[in-house]
Amino acid sequence: MPNESISILVQSTGIDVVPAIINELKRLKPDWQYAAWPAEIRARYAIVWKPPKALFELNPNLKAAINYGAGIDAILAMDSVPAHIPIVRLEDAGMAQQMAEYALYGVIHHDRHMQVYAAQQRQSHWEQHEDRANLQRPAVGVMGLGEMGGHVAKKIAAFGYEVRGWSKSPRSLEGIKCFAGSAAFSEFLSESNVLVCMLPLTDSTRGIINRKTLEALPKGAFLINAGRGAQVVESDVLAALESGQLAGALLDVFDPEPLPKESALWAHPNVIVTPHIAATTPIRDACAQIVEKIERMERGESVSGIVDRAVGY
Ligand code: NDP
Ligand code: OXD
């Protein structure tokens, strides 16, 4: 493998990770050449997060644009990567475990009435809400059964919850009741006391968490969204919280981000807002995966994670 000819351009919009990525890549592959965008090198690969068109105008011969994250909605929306350059995304790369922790936190928060007890504490009020006669754990419905959702579903099931999963094409996951396609959506929702969204943002998932979806859940359900903000119709979620159809929500992603100061979600007593941290990209795992993918491409082997732009995820 002609290592000395491998030059890598690293770019990121919004998060300042470029020096750390380059340091880690240098540690793994000291013979490769690296530059931080903007730079006048002609690179063989680019590692990017929301890259500008100019990067590809200066580097029309890239062998691949490697998306420094799992979600590819932003890079597709920017429409900056020419069709002849493949986009390769990160798969899990240390994020799925974080997602499972995040979702499990939300499930337990709801199941163990933590929201109620937090409100009581603010009033110095002592009251138990555990139903000793009829202890019943909520069933958890996970939307999206890919790298993130599949892992999340398995981890929540391993914790003893009944888990249902929903995906586009039929999936089979041990211990998970799986549903597929829009025809099975309302059946999937009908017994999901906690709804966890791990979907990618596409034309078919934009606005999917809307009034109709929320009404199909059992009364008093809890929503966890770590997919993308544009999947949620914020006013419908607020209305469902108001009516009691939703007991609460744990929300990590918003449209736009940062969540505007005036959003009613910030101050809602039954909503937990986190700033898109459900799963952050761990530099070591991500760089190890990137090196592996580049080495495979250099050997002319197939790599997983190549984005099908027509499908949109
Ligand atoms: P994958 O592509 O591995 O999985 C996507 C899953 O969603 C698949 O199971 C797919 O179905 C399903 N799906 C897609 N479209 C539909 C649809 N229309 N109806 C039903 N199911 C659908 O993606 P990942 O698991 O790696 O990532 C998922 C998303 O998580 C990312 O796109 C990103 O938005 C978000 N994310 C958020 C982070 C955060 O910190 N908040 C961090 C990382 C990711 P099928 O199996 O049939 O293909
Ligand atoms: C991602 C994210 O898609 O951080 O990786 O949301």
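Small disclaimer: the values here were computed from a predicted structure and weren't measured. We're numbering straight along the sequence, starting at 1.
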Co-membership, hydrophobic cluster, residues I176 and Y161, 4.5 Å side-chain: yes

Carboxylate-amine/guanidinium proximity below 4.0 Å for D73 and R228: yes

side-chain hydrogen bond (donor to acceptor under 3.5 Å, both in side chains) assessment of Y117 paired with Q128: CA-CA 8 Å; Y117 294 128; Q128 298 181 340; over 6 Å; no

From CD (E292) to OG (S304), nearest 0.5 Å: 8.0 Å

L90 CG to D285 CG distance, which is reported to the nearest 0.5 Å: 10.0 Å

F56: ring pair (Phe, Tyr, Trp, His ring centres under 6.0 Å) partners, not counting sequence neighbours: none

Backbone of N134 reached by a side-chain donor or acceptor of D131 within 3.5 Å: yes

Within 6.0 angstrom of K219 NZ, more than 12 heavy atoms from elsewhere: yes

N-O pairing of K29 and E295 below 4.0 Å: yes

Under 3.5 Å: donor-acceptor pair, side chain of S243, backbone of A240: yes

side-chain contact (heavy atoms from CB on, under 4.5 Å) partner of Q231, chosen from V253, N225, T202: N225

ring-ring contact (aromatic ring centres under 6.0 Å, His included) contacts in which one or both residues fall within residues 274-313, not counting sequence neighbours: none

Stepwise side-chain hydrogen bond (donor to acceptor under 3.5 Å, both in side chains) check, E127 with H125: CA-CA 6 Å; E127 185 184 345; H125 175 68; 2.8 Å; yes

Aromatic ring pairing H109/F222, orientation class (parallel under 30°, perpendicular over 60°, tilted between): tilted

Joint hydrophobic cluster, Y105 plus V140, side-chain heavy atoms closer than 4.5 Å: yes

Verdict with reasoning, E162 to K177, per salt bridge (Lys or Arg N to Asp or Glu O under 4.0 Å): CA-CA 8 Å; E162 181 196 321; K177 188 165 183 195; over 6 Å; no

Q121 atom CD, over 12 foreign heavy atoms within 6.0 Å: no

L246 side, atom CG; N270 side, atom CG - distance, nearest 0.5 Å: 9.5 Å

Lys/Arg-Asp/Glu bridge criterion (N-O < 4.0 Å) met for K154, E174: no

Backbone of G207 reached by a side-chain donor or acceptor of N210 within 3.5 Å: yes

Test: R132 and E130 ion pair at under 4.0 Å: no

Side-chain donor/acceptor of W166 to backbone N/O of G181, under 3.5 Å: yes

Exercise: do E215 and T213 side chains pair donor with acceptor under 3.5 Å: no

Side chain R42, main chain N61, donor-acceptor under 3.5 Å: no

Whether Q245 side chain and L241 backbone form a donor-acceptor pair below 3.5 Å: no

R89 side chain vs G305 backbone, donor-acceptor pair below 3.5 Å: no

Short side-chain to backbone donor-acceptor contact, S12 and I15, under 3.5 Å: yes

Criterion side chain to side chain contact (heavy atoms under 4.5 Å, CB included) on L55 and V48, from CA distance to verdict: CA-CA 10 Å; L55 187 154; V48 296; 4.1 Å; yes

Backbone of K50 reached by a side-chain donor or acceptor of T13 within 3.5 Å: yes

same_hphob_cluster(M198, F185) at 4.5 Å side-chain heavy-atom cutoff: no

D203 atom CG: more than 12 heavy-atom contacts under 6.0 Å: no

R137 atom CZ: more than 12 heavy-atom contacts under 6.0 Å: yes

Gap between atom CG of L250 and atom CG of D252 - 0.5 Å precision: 7.5 Å

Side-chain donor-acceptor pair present, Y102, T274, cut-off under 3.5 Å: yes

Sidechain-backbone polar pair: Y68 side chain, I21 backbone, donor-acceptor under 3.5 Å: no

L201-V142 co-clustered via ILVMFWY side chain contacts under 4.5 Å: no

Test log, rule side chain to side chain contact (heavy atoms under 4.5 Å, CB included), inputs Y34 and N23: CA-CA 9 Å; Y34 304 96; N23 279 345; over 6 Å; no

I6 vs E298 side-chain heavy atoms within contact, under 4.5 Å: yes

Step-by-step side chain to side chain contact (heavy atoms under 4.5 Å, CB included) determination, V88 to V307: CA-CA 6 Å; V88 181; V307 172; over 6 Å; no

Value rounded to 0.5 Å, distance of CG in L223 from CG in L217: 8.0 Å

Ionic contact status for K155 with E101, cut-off 4.0 Å: no

Residues forming a side-chain hydrogen bond (donor to acceptor under 3.5 Å, both in side chains) with E147, sequence neighbours excluded: none

Shared hydrophobic cluster for M297 and L9 (ILVMFWY, side-chain gaps under 4.5 Å): no

W32/V291 under side chain to side chain contact (heavy atoms under 4.5 Å, CB included): CA gap, chis, key distance, verdict: CA-CA 10 Å; W32 293 1; V291 164; 4.1 Å; yes

